[in-house]
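Working notes, beginning with the structure itself.
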Amino acid sequence: MTTEPALQPAVQTANPLDAAPARPLWQVVLIRPVMMTVVLLILEPIVASIFWPQSLDLGYVLSTFTLTAPLALMALVLTLVIIAGEIDLSPASSMALTACVFAAVLQAGVPFPLAVLICVGLGFVLGLFNAFLVVYLRLPSLIATIGTLTFYRGLAQVLAGDNSIKFPDWYMGLNLVTVLGIPVPDLIVTLAAILLALLLSATIFGRQIYQTGTSEVAAQHAGIRTRLIKTTLFVTLGVVSALAGMMFTSQLGTVRYDLGLGGELQMVLMAMLGGTYIFGGRGSILGTFLAAWLLSIMTNAMNTASWLPATQFCLLGVLLIVSIIATNFIYSRTQR
Amino acid sequence: MLKRHLLAGMAALGLAATFATGALAAHDFKIVYIGKNTGNPYFDSITGGFQDACKQIGCQFEFVAPATAEATSQIPLIDAQVQKGVNVIAIAPNSPDAMNQALDAARAKGILVLAVNGDLVGNESHRDANILPVDFTKTGPNQVELMGSLIGYKGDIAILSATTEAPDQNTWIAAMKKTLAEDAKYKDMHLVATVYGDDQPEKSTTEMEGLLSNYPNLVGVIAPTTVGVAAAAQVVQQRGIADKVHVTGLGLPSEMRDFIKDGTVKAFQLWSPYNEGWLAAYFADGVLNGTIKNEVGQKFDVPNLGSITIGDKNVMNTQAELTTFDASNIDNFNF
Amino acid sequence: MNALRAILLRREMGIFVAIIVFCAIVGILKPRFLELDNLRVILLLVPLIMIAAMGEMLVVIARHVDLSVGSTLGFAAMMTALMFKLHPEIPFYLGFPVAIGIGAVLGLINGITVIVFRLPAIIVTLGTLYLYRGLTFIASGARQIDRQFIPSPLKAMSANSPSYWLPWIVIIAVVVVLLAYWFANHTRLGRQVYALGSNPAAAPLRGIPVTAVTLAVFAISGALAGLAGILYASRWGFVNPSNTGWGFEFQVIAAVVIGGVSINGGVGSVLGVVLGVLLLGCVSAALPLLGIPGTVQSAIFGLVIIVALVIDQTVRERGVQALTTTRGARA
């Protein structure tokens, strides 16, 4: 005869949160996406020193980074945008447009401070337009910014035609100015990285960026003003692209509409190599910063070896895919 | 491929070591040619000239180029080559002025800088000499004459150029307009339009189609750019209107051969890019060894090319007149 | 009257109206635009984009993106052209299966990487964009394949003279469009693509083989890009490692988006994409005719994309509104 089994007395089950042992500290510190970038950054010079020793000269590395610096600057802010769950492919075009306007305005005799104001103001407006499309009209940011990237580049072309617009001589050579042997553009990027990293990790705003990216709806319900955050980020990216343009053109002395053509892919590459999660919610400034240096050094080595762009492309493509795989792998295994 | 790069790396190392000891073999210098972009058959021809000349002279030659012909794309390449320790940088510049700083840095290290196939217009002080394929002032009139001979010296013609600011094309077009206006021989030929194909096949094609639509009485198109003339010829071939609209311009024999053979294009012109590379290598050799003085008015001899004169602003022309290609000689060339 | 109303309320109406309005304006300014000759010009501009857009459409509906179509086109075109150059005795029509096959393989690589490593397609295809382009250079030794190596019958397929009223490449494009329509609307796999895109989380619960469907869309996109590759050789008569297909992906994606395919997946129609491609083709053909300098064309393109997006978004929101209010709900 079957009877119902007597109700078991309540078993003292362990608190599920205590079930798994805490991860050892060394794992938390070392197994993160940014470590992959660090590893690559260490490996790369070792490989390069075997094959192409000339590429490792510190002065050379620092001075060639000045060419990457404008893109790196924009990539840092782009990281914030991606963490917040959006993407912006237009900064390179904004850079070109604001730089063309800046040059034209300077040539027309406008005093320097006012010209700077106009340039930065235009960057502000361009970023605001992006924000309008993405945040207010709720267009998907990928396509909307592909549209604005084409549009802004086109406007730059309308303004400058195929001409190059020259800058006055006193404006040129920012990259030749060094502080303690380090060119100013490199310092600017490093300073920006420190500032942004502090913003991201040590302020409430930074925390809110992560939350917005993880789940916009949840963040809104938590009272976070996600629309304001995203708008701020887009606008900042616009302003920074204007600044990057000013930095870039000081090195070149002239500007054409095609300044930074294709730069959007490079910026995304930096962010991805730095371990930023494309769907938002995760990423670090340190990663992007290191990735920018990694790319610069790698490109130097490849150029010194006279590799044709084709071979360089292959390596970049493989690197991108491998880094994404590694990033995803790490993210899926850790609960950060 | 990797092995070749390894060896090149070793060679570079070896050469750098040689520099360090200050012993430079007389003809064993390192020369690099930086093209406008890769995958452009025109620069392959120039490279051929460099390579063959270096085989004769004993110099070490390398060709590099960026992926796109954007104004600043060559700067990292210049920096890298300077870092590698080359002796001569020959470059087909993508921009007249964006590279001033980079080139100055190169020259400060004692590197000889040559502009080959195009010049740094307005910025000549940033290079040591310039090698042009032909006397650019004669190109325009030559092309007008060729066009005229194809259409019986009367009718509406148009020009399909490269980019709006390309300095070479603009020099030639200005000369063409002048010739048409001033020379009575061409008084019945009317230039109705000038359009720009940006050296892109797709754009050149749509512009050509636009010309045909907008000007139904068009009898001739001059395209002084290899991409443009090939695109225009293709449009004519596809529409089958070769007897109505005559296409000519500056083209590469390898690209135009098909069109010559089926009669779409009767004749076109160019110079020999190969000879430019040849001349540049010999010139560099001469300057580095002191046998050629890089001064205006100097003359020197180059095997196969004869006597070359250094003109104003240190410019040298590889040949005087354009070469005309047609059905009779198209098979003699392999570039 | 209800049928007419149903037609008028369709999403695609917006683009259709845009095309009509645009052509009318240009036609008034330049009557030549509306002539038969010009129609042929437009027709010849679009086949490549049309074919690749059909593939891209499927990928986007499945809530992915394929950025590598331009490089796939280039690689397939280059391999096929190399084959003809090294073995001129091979009949030209064999180039088609080769190109399509190569494209399909490249697409499968994309798909496998996305599935196995669970990576976002946008980054994977960004990587393969570079990788395939690099391989194209290496395979060709950075040299262009000149005209004389492309078989003449292949080039003749793009001939546009009066005796060939409809060039073969246009006919091929039409066939591909019809096949795409049949696939998307009348096959189980096609409907599964829509289902997968509109709700990837629910798809496996409904028995949709996610892996198979994803691999299928990427393979199709790659195969069609490969087809576009050999047709590139036909249309332009040469293959160049740097130019062939460079920037192509932007045009294709623009056409797809303008055609009303939603980036969020699950929504889109063949008709819409066809109209999107035609609109871009009309704009491309009109600009030189109107004498608008090249410098302005990019700006106009960007504007067109933005406007199309805004229209699409507005229509979508209205659609959602209509579905959620009692007036729109079916009894």
Side-chain angles (χ1 to χ4, degrees), chain A residues 48-57 59-61 63-68 70 96 157 160-167 169 172-176 248-263 296 299-314 316, chain B residues 1-2 4-13 15-17 32 34-35 37-39 62-86 94-102 104-105 121-123 126 162-167 170 196 198:
Chain A
S49 67
I50 302 176
F51 296 122
W52 312 289
Q54 303 99 330
S55 66
L56 285 187
D57 173 28
Y60 177 56
V61 167
S63 72
T64 45
F65 186 74
T66 56
L67 279 175
T68 318
Q157 217 176 348
D162 270 322
N163 297 340
S164 22
I165 311 182
K166 266 191 89 71
F167 281 86
D169 280 332
M172 293 174 47
L174 183 67
N175 59 314
L176 296 176
F248 209 175
T249 49
S250 167
Q251 183 168 3
L252 298 175
T254 65
V255 65
R256 277 175 50 110
Y257 82 92
D258 61 3
L259 186 71
L261 195 66
S296 176
T299 321
N300 283 352
M302 294 196 285
N303 281 337
T304 319
S306 297
W307 278 19
L308 283 183
T311 337
Q312 298 189 18
F313 275 3
C314 279
L316 283 179
Chain B
M1 195 76 150
L2 183 58
R4 180 142 59 91
H5 288 129
L6 260 176
L7 288 177
M10 303 270 219
L13 257 178
L15 212 50
V32 66
I34 305 181
N37 55 359
T38 46
E62 219 174 13
F63 171 73
V64 295
T68 57
E70 186 219 329
T72 57
S73 54
Q74 292 165 320
I75 298 180
L77 298 183
I78 299 175
D79 288 342
Q81 295 299 324
V82 169
Q83 185 69 9
K84 264 175 100 149
V86 296
N94 280 332
S95 154
D97 47 20
M99 290 165 289
N100 288 350
Q101 213 187 65
D104 284 343
V121 178
N123 296 278
H126 297 275
T163 51
T164 50
E165 283 312 311
N170 286 347
Y196 300 90
D198 289 355

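Order of the sequence lines sets the chain letters (A, B, ...), proteins ahead of strands, with each chain counted from 1.
- Shown here for B:Asp79 and A:Tyr60, the closest heavy-atom pair between the two residues is O-CE1, 3.7 Å.
- Chain B forms the most heavy-atom pairs under 4.5 Å with one residue out of A:Val255, A:Thr299, A:Thr64, A:Asn303, and that residue is A:Asn303.
- Contact of B:Pro76 with chain A is made through backbone and side chain together, with heavy-atom distances under 4.5 Å.
- Taking 4.5 Å as the limit, every side-chain heavy atom of B:Thr72 sits out of range of all side-chain heavy atoms of B:Ser95.
- If you measure heavy-atom distances from B:Ala65 to chain A, the contacts under 4.5 Å come from the backbone alone.
- For chain B, the nearby parts of A:Leu261 are the backbone and the side chain; heavy atoms of each come within less than 4.5 Å.
- Judged as a side chain to side chain donor-acceptor pair (under 3.5 Å), and not counting sequence neighbours, B:Gln74 has no contacts.
- A:Gln251 and A:Thr66 share a donor-acceptor pair across their side chains, judged by distance under 3.5 Å alone.
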